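Heavy-atom basis, side chains included; hydrogens, waters and symmetry copies ignored. Predicted model, so just to flag it, every value in this text is computed and none were measured.
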Protein chains: 2
Amino acid sequence: MSTQETPRRATIADVARAAGVATSTASVVFSGKAKVAAATRERVLAAAAELGYAGPDPRAASLRRGRSGIVAVVLEGHLRAAFLDPVTTAMMDGLTDGLAELSAGILLLRDEPGEEGSALANAPVDAFVLIGCSGRTRASLEVVRGRGLPVVVIEGDAGDGIPRITLDNTEASADVARHLHDLGHRDVALVTLPLDTERERVAVTPDRVATATVDVTVDRLAGLREVFPDAPAISASGSLIDEGVLVGRMLLADAAARPTAVIAQSDLLAVGVIRAAEELGLRVPEDLSVAGFDGIAVDGLADLTLTTSVQPAVDKGRAAGEQVARMLRGEPGITQHLTCRFRAGTTTAAPAGR
Amino acid sequence: MSTQETPRRATIADVARAAGVATSTASVVFSGKAKVAAATRERVLAAAAELGYAGPDPRAASLRRGRSGIVAVVLEGHLRAAFLDPVTTAMMDGLTDGLAELSAGILLLRDEPGEEGSALANAPVDAFVLIGCSGRTRASLEVVRGRGLPVVVIEGDAGDGIPRITLDNTEASADVARHLHDLGHRDVALVTLPLDTERERVAVTPDRVATATVDVTVDRLAGLREVFPDAPAISASGSLIDEGVLVGRMLLADAAARPTAVIAQSDLLAVGVIRAAEELGLRVPEDLSVAGFDGIAVDGLADLTLTTSVQPAVDKGRAAGEQVARMLRGEPGITQHLTCRFRAGTTTAAPAGR
DNA sequence: TTGTACGCGTTATCAT
DNA sequence: ATGATAACGCGTACAA
């Protein structure tokens, strides 16, 4: 239009000058922090439009305010792996909720410490949410702590005074096990989540458990062992339906040594086991009871309702978000313990008399 | 230790003063942009440690550099819905790859325009990646464009000179249809993705198609119609296995009017259809051929390999990331057309002679 | 209601 | 190799 092509983008000072007002007035027009005469506002807005000024530069505003409006979520491993897990996505959903009052954005960060130019160290964020950081390297945690920003840990332990969001994994697992025991099952097999970052599909021996690094797996196993101390167990290489199918086949292949029930540490694994059972012509729950953990809406289960322990995945995220909000308000963050709720479904029943 | 408790965090100026060097020198120690005598570096680092200085404030650095190291990814609807879709997650994976050279973080943003304090308008980001923005409100796009930052659109059209990453949805769909036609199928039913944001599960009529707003659905349908102009079609309410089951039941319920093949517009829907078929005692592919679209690794398909068109989901993301990187380097972004590759699987075969 | 002036913490430039 | 200085663009006391 009438403007020359300028070498640099217009600033609020340019707008103010063009509108014939002070920069502070122009600033207020955009922030709305004070009342401005309608006529003045109009002039400022017109000048802004004329200059192609699209509002305050967020970078400068961040510096000035001391806030960027961004919260970092630190995940282990590839983003893809993280979001393949429905529990994680549900949690992220809750997190956006909990963060809503801050209208903060969520910056996805991978847990890759060490590097100098690491985003972990240099991202302009206001707070950190660490997820499942059991196997997390100390270095990574140090970087985050060193920044002196609010930190919340979901299902993990960052030591010291860092607020956590935890789950009663052990108790909830015991509940599931007890349900099957009450139904009369004595011959039960277990399918666990990975024991460590190796993610090997192996028989779970006491030795392996001793060196396991994934807290969730160990905690849930402890609960199951309270009821079935000697049940055979296989650790899956991940929480996937197809992985459950593979492990299910291993457990059910031998008709003679077949358990009457299988307890999996995740719903996805449980669905896989059910599918493996169906392959073998076993009916669930008549011939085999199957229970899971998580209580997610499993896509692909059709009419069956899985017996499981429903974890408050969304609440986990929301609670974390709320703690972040608190801490950014200057209040101390507090650790919150969330509990799972047992849900009897249609995939478990009394064992068939033999 | 020896430091008094200070009201504010130490700045690089404090560190420089304590170390007896200029702030610029201290700055260089942290940025590594120039050579510094080892002894000097040591002194600066020591002073920093003493003062608890954890490195430059990213907000200030962003302002000064004019870069925040963050790229915004704008998704439609809830984050959860987005990440439930394996294609999206794969794409995000590729995006992180493509962005790797920038070592930029990814800021997840929802497409919610209008609001004044919207993150879309105020987030300190260096560029935008818009995903599947077919139904996107013009307002949202305006906000983004107004910021004058690099923008790349994946499978959508933002008009003007905005670089896009596109897919040959129509041609690829035609390939799938042709495969079934070549096998001898004449009685084929179609399962489409949602037509619009209403996401209703309805019969696809020409009227509905005319008012459809989701480009992907329309484009793929066009390809299928090239080969099967009159095939009955139902639009699913989403790309989910269970949704495929529901639609599959609708299509297969009536044994008399049963098609010999079903083409779904996504692999998840196809898996659902297969499951519906199995429920009805139909064997795939002997009694029913089923084809999908996407070529993702579907969890829960067990031994079958889906006949499908493999879309370069990861490449889509990577390409977008690379364009962003280019544009941030000052080079013009270029539109890239990616192509799908047909994959014959074990879920399609010649129709049983009747 | 509007304007002035300063500082947020850093880094790039230039000179030494 | 190191230092002085000037922006970067904005928000907000404070004064008028």
*Asks:* Test P150(B) against every option in L328(B), V129(B), V324(B) by the side chain to side chain contact (heavy atoms under 4.5 Å, CB included) rule and name the one that passes.
*Replies:* L328(B)

*Asks:* Quick check: closest heavy atoms across Q323(A) and I334(A), and the distance to 0.1 Å?
*Replies:* OE1-N, 2.8 Å

*Asks:* Could you give the NZ-to-P distance, from K35(A) to dT1(C), as a whole number of Å?
*Replies:* 9 Å

*Asks:* Among residues at least two apart in sequence or on other chains, which ones pass salt bridge (Lys or Arg N to Asp or Glu O under 4.0 Å) with R41(B)?
*Replies:* none

*Asks:* Return the value, rounded to whole Å, for the distance between atom CZ of R67(A) and atom P of dG9(C).
*Replies:* 14 Å

*Asks:* Tell me: CZ of R17(A) to C1' of dG9(D), nearest whole Å?
*Replies:* 13 Å

*Asks:* Less than 4.0 Å between a side-chain N and a carboxylate O, is that true for D126(B) and R59(A)?
*Replies:* yes

*Asks:* In whole Å, I'd like the distance from the CZ atom of R59(B) to the P atom of dC8(C).
*Replies:* 14 Å

*Asks:* Between dG7(C) atom P and L63(B) atom CG, what is the distance in whole Å?
*Replies:* 17 Å

*Asks:* Name the pairs: protein N/O against N/O of nucleotides 11-13 of chain C, kept only if under 3.5 Å.
*Replies:*
unit_1  : atom_1 : unit_2 : atom_2 : d
dT11(C) : OP2    : S27(B) : OG     : 2.8
dT11(C) : O2     : R64(B) : NH1    : 2.6
dA12(C) : O4'    : R64(B) : NH2    : 3.3

*Asks:* Please list, chain by chain and in numerical order, all residues satisfying side chain to side chain contact (heavy atoms under 4.5 Å, CB included) with L149(B), sequence neighbours excluded.
*Replies:* V125(B), F128(B), R147(B)

*Asks:* Can you tell me if the side-chain N/O atoms of T40(A) get under 4.0 Å from OP1 or OP2 in dT1(C)?
*Replies:* no

*Asks:* How close or far is atom P of dG9(D) from atom CG of L51(A), stated in whole angstroms?
*Replies:* 14 Å

*Asks:* So, for A10(A) and Y53(A), which heavy atoms are closest and what is the spacing to 0.1 Å?
*Replies:* O-CD1, 3.3 Å

